[in-house]
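I have placed the structure first, in the form of structure tokens, so that the comments after it can refer back to it.
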Amino acid sequence: MLQFTVIPVTPLSQNSTLIWDDETSDAILTDVGGDIEVLLEAINHYQVNLRGIWLTHGHFDHVGGVADLCKTHNVPVLGPNEEDIFLLDKLPQIAAQYGMSAGKFMPTRFLQDNDCLSIGKYEFRVLHIPGHTPGSVVYYCEEAKLLIAGDVLFLESIGRSDFPRSDGEALLNGIRNKIFVLPDDIRVVTGHGALTTVGHEKQCNPFFLNQ
Ligand SMILES: [Zn+2]
């Protein structure tokens, strides 16, 4: 089975997620924002083999720990879409503005809409959903009914679109056209706070009611 555990990191309680195939013990971490020792503890606890880091977007609370983690785990860093390079370029400076430190890195590979990635025998599809940031991607596994949404979609809310190069209209359209077309019972790991499902958001998300 595909297993996952959500690990809130940084003072912003950003949801890093350890995901693994329990037959092969192959694992990845999403959005390595910081608190590396907590993430390493989880890898040890579940006795999995870290094979990669997948990033949803370039905000410092989602990527601030990547350089540190790669010092002990030299694994490929995948994502986000290259449109977020402008955030990664200035990562140490942006993190410092929030009183945090983040080492600079560049992903091994940027991702495009419809790219396919895998964890053990489970396939994930990459969906590029700009709006919160221009390079935001989400990761969808149909078989395990799991969506890693980053800051695109939250429980009864959506990502902020008041940052430079954000686009509120694109965000709404992306959620409508790429997430709300998925089955209702898909579990959604959001970037901060509680998990939700596609069905719950289609019914209850106030940003999409009466439209
Ligand atoms: Zn963000």
Side-chain angles (χ1 to χ4, degrees), residues 6-19 28-36 38-39 53-69 77-107 110-113 124 126-140 146-176 178-179 188-196 201 205-208:
V6 176
I7 309 162
V9 295
T10 82
L12 297 169
S13 293
Q14 190 277 119
N15 289 333
S16 179
T17 306
L18 181 66
I19 311 175
I28 65 100
L29 270 170
T30 71
D31 288 0
V32 174
D35 297 339
I36 296 311
V38 181
L39 299 176
I53 295 169
W54 297 0
L55 304 175
T56 62
H57 65 293
H59 280 156
F60 75 93
D61 53 325
H62 292 254
V63 305
V66 171
D68 267 356
L69 186 65
V77 179
L78 307 183
N81 179 270
E82 64 206 359
E83 290 292 321
D84 273 8
I85 286 180
F86 74 108
L87 292 167
L88 300 176
D89 271 340
K90 295 206 169 87
L91 177 64
Q93 296 92 312
I94 295 170
Q97 287 168 13
Y98 290 84
M100 293 173 55
S101 69
K104 194 164 177 179
F105 72 95
M106 271 296 144
F110 288 105
L111 298 174
Q112 313 298 328
D113 198 42
F124 281 72
V126 174
L127 308 175
H128 180 205
I129 303 184
H132 174 66
T133 69
S136 285
V137 298
V138 304
Y139 299 96
Y140 172 53
L146 182 65
L147 180 78
I148 304 297
D151 287 353
V152 167
L153 183 65
F154 296 111
L155 174 67
E156 297 179 14
S157 189
I158 62 171
R160 284 173 58 180
S161 56
D162 57 338
F163 296 110
R165 299 196 55 191
S166 285
D167 181 339
E169 199 56 35
L171 180 60
L172 290 168
N173 285 332
I175 294 169
R176 218 181 265 121
K178 291 185 176 174
I179 295 181
V188 179
V189 176
T190 64
H192 301 263
L195 278 58
T196 184
E201 295 314 308
N205 192 305
F207 288 87
F208 297 92

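Read the numbers this way: they start at 1 and go in the same order the structure lists the ligands and their atoms.
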Aromatic ring proximity, centroids under 6.0 angstrom, Y140 and F124: no
Using a 3.5 Å distance criterion without hydrogens, assess whether the side chain of H132 forms a donor-acceptor pair with backbone atoms of G159. no
May I ask you to check if R165 and F86 form a cation-pi contact, with NZ or CZ under 6.0 angstrom from the six-membered ring centre and within 45° of the axis? yes
Neighbouring protein N, O or S atoms of the Zn ion (ligand 1) [cut-off: under 2.8 Å, no waters]: H57 NE2, H59 ND1, H132 NE2, D151 OD2
Which residues share a side chain to side chain contact (heavy atoms under 4.5 Å, CB included) with T10, sequence neighbours left out: L12, Q14, D61, M100
Is the backbone N or O of G33 less than 3.5 Å from a side-chain atom of D31, with the two atoms forming a donor-acceptor pair by type? no
Regarding N15 and H192, do their side chains bring together a donor and an acceptor under 3.5 Å, going by distance alone? no
